[in-house]
Amino acid sequence: MTLDKKIKVDTVDLPNSHATIDVLRLDLVHPVISGNKWFKLKEYLKEARQLNKKALLTFGGAYSNHIVATAAAAQLRGFKSVGVIRGEEPAELSATLKDALNFGMELFYASREAYKSKIIPADVFEVYNEDEMYIINEGGYGIKGMEGVKSILEQIDASVYTQIVVAVGTGTTLAGLKSAVGERQKVIGISVMKNNISLRNEIEVLLPTVKRGQFELLHDYAFGGYAKFNQELIQFMNDWYRLTAIPSDFVYTGKLFFAVNDRFAKNMFSEKDKVLVIHSGGIQGNRSLPKGTLIF
Ligand SMILES: *Cc1c(COP(=O)(O)O)cnc(C)c1O
């Protein structure tokens, strides 16, 4: 099975302006390894294979798209997988963690302090030796992640776009896109974390020197911080779905589409701009919301 299948582009008329945008539907890549996560993982998987590693180990929260994508990708490529999960083991596992278990991932819990320092719980070493494991950063952050992302735009003619807009967690995806596009094409990131001031630097170090400093980060659309949301965002996501039939997630892409729509409404983009919005997936994370919150 290949995950590099043909990727679809949807053209969407925006509700509050006369503008049209294109949406790159990475959410359709795979039901679980959706969106940017497959691209971020693929070079790590290659290296793990070259180094003859037995298991992939990575870090994430109970609803992490990266955890479940790593579990699924590991199974698909014949690796064992280990997830180090932030916080105590919950009484009831999240749907995401249940999926990860079903993909054969072994889960280990780390206290918030230990998690912060990315300490691997001692129990893990009862199962694997250190040199059997290939460790992937939280969120797939890193050069290899960035390298994998470069191929996202290969299947479309991306040269026609003046702006490319993407949701930003670690910034690895933004860095890969920036590396792949021409100098005159603007890459704009919508940060989903509150006041993430170290973000710019974390992205810069992934970029070749000539591309540094040439991207824009917007911090006004985080809705209070990572995985925070309010009624306005939920309402927008439901309206957006009614209008476009494109589902979004409340952690990343809901905020992304909200931001794009808002920027057009405030004339910060012009109708002459040819904007490509990257739908990075993440729909599985909506399962943490109470049933009925979203109409899709
Ligand atoms: C992980 C994720 C992102 C953020 O990607 P980064 O490369 O960490 O910036 C964006 N959108 C979705 C849906 C994600 O799951």
Side-chain angles (χ1 to χ4, degrees), residues 10 12-17 19 21 23 25-27 34-37 60-68 85-87 90 92-97 112 115-116 138-139 163 165-171 173-174 188-200 202 216-269 275 277-296:
D10 281 347
V12 171
D13 297 321
L14 292 181
N16 301 334
S17 56
I21 59 166
V23 177
R25 300 290 307 276
L26 301 182
D27 55 314
S34 80
N36 58 346
K37 294 298 183 280
Y63 288 97
S64 165
N65 296 324
H66 169 69
I67 280 288
V68 72
I85 309 301
R86 182 179 57 236
E92 163 96 51
L93 283 189
S94 67
T96 307
L97 294 182
R112 281 169 196 270
Y115 185 88
K116 235 184 189 160
E138 180 179 36
Q163 277 105 338
V165 195
V166 65
V168 174
T170 66
T173 306
L174 184 148
I188 302 167
I190 309 303
S191 173
V192 301
M193 278 174 223
K194 191 174 172 179
N195 305 328
N196 189 359
I197 42 170
S198 57
L199 181 60
R200 175 163 284 277
E202 284 154 15
E216 193 179 346
L217 287 176
L218 304 181
H219 294 276
D220 308 334
Y221 298 100
F223 285 83
Y226 187 73
K228 298 263 181 10
F229 62 97
N230 60 18
Q231 205 41 50
E232 188 186 13
L233 180 65
I234 298 297
Q235 179 77 44
F236 172 82
M237 289 166 63
N238 282 332
D239 290 346
W240 181 255
Y241 181 76
R242 274 190 209 101
L243 189 82
T244 64
I246 300 176
S248 55
D249 76 295
F250 74 98
V251 181
Y252 294 101
T253 55
K255 296 176 184 182
L256 168 71
F257 291 125
F258 185 99
V260 170
N261 192 52
D262 190 55
R263 300 278 287 186
F264 269 105
K266 291 178 175 158
N267 294 318
M268 289 157 146
F269 284 128
V275 177
V277 180
I278 310 293
H279 192 322
S280 40
I283 307 297
Q284 71 86 22
N286 287 339
R287 294 180 295 180
S288 71
L289 295 172
K291 275 206 170 37
T293 307
L294 295 168
I295 59 169
F296 49 86

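Residues: numbered from 1 along the sequence shown. The model shown is predicted, which means the values in this text are computed figures rather than measured ones.
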Completion exercise
For G285 and N65, the nearest pair of non-hydrogen atoms, with its separation, is N-OD1, 4.1 Å
Practice task
Calculate, to the nearest 0.5 Å, the distance between atoms OG1 and CD belonging to T170 and E138 respectively.
Solution key: 9.0 Å
Exercise for the section: Report yes if the side chains of V23 and R25 come closer than 4.5 Å at any heavy-atom pair, otherwise no. Expected result: yes
Handout entry: Interatomic distance, L218 atom CG to K255 atom NZ [nearest 0.5 angstrom]
Key = 14.0 Å
Practice task
Compare all side-chain heavy atoms of F269 with those of V165 and state whether any distance is below 4.5 angstrom.
Solution key: yes
Practice task
Report yes if some heavy atom in the side chain of Y115 is under 4.5 Å from a heavy atom in the side chain of I85; otherwise report no.
Solution key: no
Fill in the blank from the handout: On a heavy-atom basis, the closest approach of L93 and P90 is CD2-CG, 4.0 Å
Problem - Atom pair CG (L14) and CG (D262), whose distance is rounded to the nearest 0.5 Å - result: 11.0 Å
Handout entry: Interatomic distance, L289 atom CG to M237 atom CE [nearest 0.5 angstrom]
Key = 7.0 Å
Problem - Gap separating the OG atom of S248 from the NE2 atom of H279, nearest 0.5 angstrom - result: 6.0 Å
Handout entry: S17 side chain to A265 backbone, donor-acceptor under 3.5 Å
Key = no
Problem - Contact summary for P247 and Y241, nearest pair of heavy atoms - result: N-CD1, 3.6 Å
Handout entry: Flag side-chain contact, heavy atom, 4.5 Å: I278 against N36
Key = no
Practice task
May I ask you to test the L294-N238 pair for a side-chain heavy-atom distance under 4.5 Å?
Solution key: yes
Problem - Side chains of R242 and I295 in contact at under 4.5 Å (non-hydrogen atoms) - result: yes
Exercise for the section: Considering non-hydrogen atoms only, spot the tightest contact between S34 and G281 and give its length. Expected result: OG-CA, 3.6 Å
Practice task
Kindly indicate whether the side chain of T293, heavy atoms from C-beta on, has any atom under 4.5 Å from the side chain of F250.
Solution key: no
Completion exercise
Here the pair of heavy atoms bringing D249 nearest to I283 is N-CD1, 4.0 Å
Handout entry: Candidate pair D10 and T244, rule side chain to side chain contact (heavy atoms under 4.5 Å, CB included), full reasoning
Key = CA-CA 9 Å; D10 281 347; T244 64; over 6 Å; no
Problem - Rounded distance [0.5 Å steps], OG in S280 versus CG in L256 - result: 6.5 Å
Handout entry: Side chains of S191 and N196, donor plus acceptor under 3.5 Å
Key = no
Handout entry: Close side-chain approach of K228 and L233, heavy atoms under 4.5 Å
Key = no
Exercise for the section: Can you label the angle between the Y252 ring and the Y226 ring as parallel, tilted or perpendicular, going by 30° and 60°? Expected result: perpendicular
Exercise for the section: Using distance alone, with no hydrogens and no angle criterion, decide if T96 and Q284 have a side-chain donor and acceptor under 3.5 Å apart. Expected result: yes
Practice task
Answer yes if the ring centres of F229 and F223 are under 6.0 angstrom apart, and no otherwise.
Solution key: no
Practice task
Hey, can you tell me if F236 and F258 have their rings parallel, tilted or perpendicular (30° and 60° cut-offs)?
Solution key: perpendicular
Practice task
For side chain to side chain contact (heavy atoms under 4.5 Å, CB included), just list the numbers for I246 and T253, CA-CA rounded to whole Å, side-chain angles, deciding distance to a tenth of an Å, and then say yes or no.
Solution key: CA-CA 10 Å; I246 300 176; T253 55; over 6 Å; no
